[in-house]
Novice: 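Here you go, one structure.
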Amino acid sequence: ETGVTQTPRHLVMGMTNKKSLKCEQHLGHNAMYWYKQSAKKPLELMFVYNFKEQTENNSVPSRFSPECPNSSHLFLHLHTLQPEDSALYLCASSQDRQDTGELFFGEGSRLTVL
Amino acid sequence: AQSVTQLGSHVSVSEGALVLLRCNYSSSVPPYLFWYVQYPNQGLQLLLKYTSAATLVKGINGFEAEFKKSETSFHLTKPSAHMSDAAEYFCAVTTGFQKLVFGTGTRLLVSP
C-alpha cells in the first residue's frame with residue numbers, strides 16, 4: 001500500500017458508543033494530523049503529532065482522544081459524541097512539522113452520529 | 001495571523017472553457033501558498049504550491065496559478081476545462097511558522 005490509508009471509510013454510531021478511527025501512512029513521514037471537514041466550513045485542524053509527540057491540540061473536546069503509537073499510525077478514539085460531530089475526518093501526514101504546507105491526505109472517514 | 005478568502009463557493013463552466021478560481025490572501029510576512037483539490041469521496045490532493053520562487057506556478061492536470069503580491073492574490077487557472085476537473089478546490093496559506101490555513105473551498109462544476 002502507498003500513501004495515507006484511513007479506516008473505516010464510513011462509520012455510524014450512537015451518542016453512547018465508543019469507536020476509533022485509524023490512519024496509517026506509508027510515506028516515511030514524521031508528522032501526522034487530524035482534520036475535521038464539515039459542510040460550508042473551512043477545514044479545522046484538530047491535532048498534530050510530530051515524532052509521535054502531540055504538538056498541537058486546537059481546543060478539541062475531550063470526547064475526541066488521539067493516539068499516536070509510532071510515526072506511521074494515528075488513531076482518533078471517539079466517545080459520547082454529539083450529532084454536530086458528524087463530519088468527514090481527514091488524516092494527513094507531512095515530512096516534518098515545519099508548516100511548509102505540503103500535506104498528504106487520506107480519503108477520510110465519514111462519521112455520522114445519531 | 002494569515003488567512004485566505006476564496007471568492008465564490010461555486011463556479012460553473014462549460015467543457016473547454018477557461019477555469020478561473022479566485023483566492024486572496026492576507027499575511028504580514030511572505031507567504032507560502034497552495035491549491036489543493038478534493039474529488040468526490042476522497043481526501044485533499046496537492047495541486048500546486050508557491051514557495052517564493054517563480055511567481056507563475058504550474059501544477060498537475062494543466063492547472064497553474066500566479067502569485068501577485070500587489071494584489072495579494074493567487075488565482076488558479078486552466079485554459080480548457082475537462083469534465084474530470086469537477087471537484088472542490090481549496091486555497092491555503094502558511095508563513096512557515098504557523099499552521100496551514102485553508103479557505104472555505106470553491107466547487108467547480110463542469111457541464112458538457
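Just so it is clear: chains get the letters A, B, ... in the order the sequence lines come, proteins before strands, and each one is counted from 1.
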Novice: Going hydrophobic residue to hydrophobic residue with side-chain gaps under 4.5 angstrom, can you get from A:Leu111 over to A:Phe75?
Specialist: no

Novice: With the 4.5 Å side-chain cut-off for hydrophobic clustering, are B:Tyr32 and B:Val4 part of the same group?
Specialist: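 No, no single cluster joins them.
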
Novice: Starting from A:Leu114, can I reach A:Phe64 by hopping between I/L/V/M/F/W/Y residues whose side chains sit under 4.5 Å apart?
Specialist: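 As far as the 4.5 Å side-chain criterion goes, A:Leu114 and A:Phe64 are not connected within one cluster.
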
Novice: Do B:Leu44 and A:Leu43 have side chains that approach each other closer than 4.5 Å (heavy atoms only, starting at C-beta)?
Specialist: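 B:Leu44 reaches A:Leu43 side chain to side chain.
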
Novice: Cluster question for you: counting only ILVMFWY and a side-chain heavy-atom cut-off of under 4.5 Å, with indirect links fine, are B:Val110 and B:Tyr39 together?
Specialist: yes

Novice: Do B:Ile60 and B:Leu46 land in one hydrophobic cluster if side-chain heavy atoms of ILVMFWY residues count as linked below 4.5 Å?
Specialist: no

Novice: Does the side chain of A:Glu102 come within less than 4.5 Å of B:Thr51's, by heavy atoms?
Specialist: no

Novice: Yes or no on side chain to side chain contact (heavy atoms under 4.5 Å, CB included) for B:Lys99 and A:Asn58, after CA distance, side-chain angles and deciding distance?
Specialist: CA-CA 11 Å; B:Lys99 64 184 180 184; A:Asn58 284 308; 3.5 Å; yes

Novice: Given that the side chain runs from C-beta out, which part of A:Arg9 has a heavy atom under 4.5 Å from chain B: side chain, backbone, both or neither?
Specialist: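 Looking at A:Arg9, just its side chain touches chain B.
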
Novice: Side chains of B:Tyr36 and A:Leu103, heavy atoms from C-beta outward: is any pair under 4.5 Å?
Specialist: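 Yes, at least one pair of side-chain atoms sits under 4.5 Å.
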
Novice: What residue, out of B:Asn41, B:Leu33, B:Val93, B:Val101, has the most heavy-atom pairs lying under 4.5 Å from chain A?
Specialist: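 Greatest number of close heavy-atom pairs with chain A: B:Asn41.
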
Novice: Which bit of B:Gln38 comes within less than 4.5 Å of chain A, counting heavy atoms only: side chain, backbone, both or neither?
Specialist: side chain

Novice: Hey, mind stepping through A:Gln37 and B:Phe90 against side chain to side chain contact (heavy atoms under 4.5 Å, CB included) and telling me if it holds?
Specialist: CA-CA 12 Å; A:Gln37 186 177 31; B:Phe90 294 89; 3.3 Å; yes

Novice: Given a strict heavy-atom distance threshold of 4.5 Å, which part of A:Phe104 is in contact with chain B: side chain, backbone, both, or neither?
Specialist: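 Contact with chain B: none, neither part.
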
Novice: Mind listing the closest non-hydrogen atom pair of B:Gly43 and A:Leu90 along with its distance?
Specialist: CA-CD2, 3.9 Å

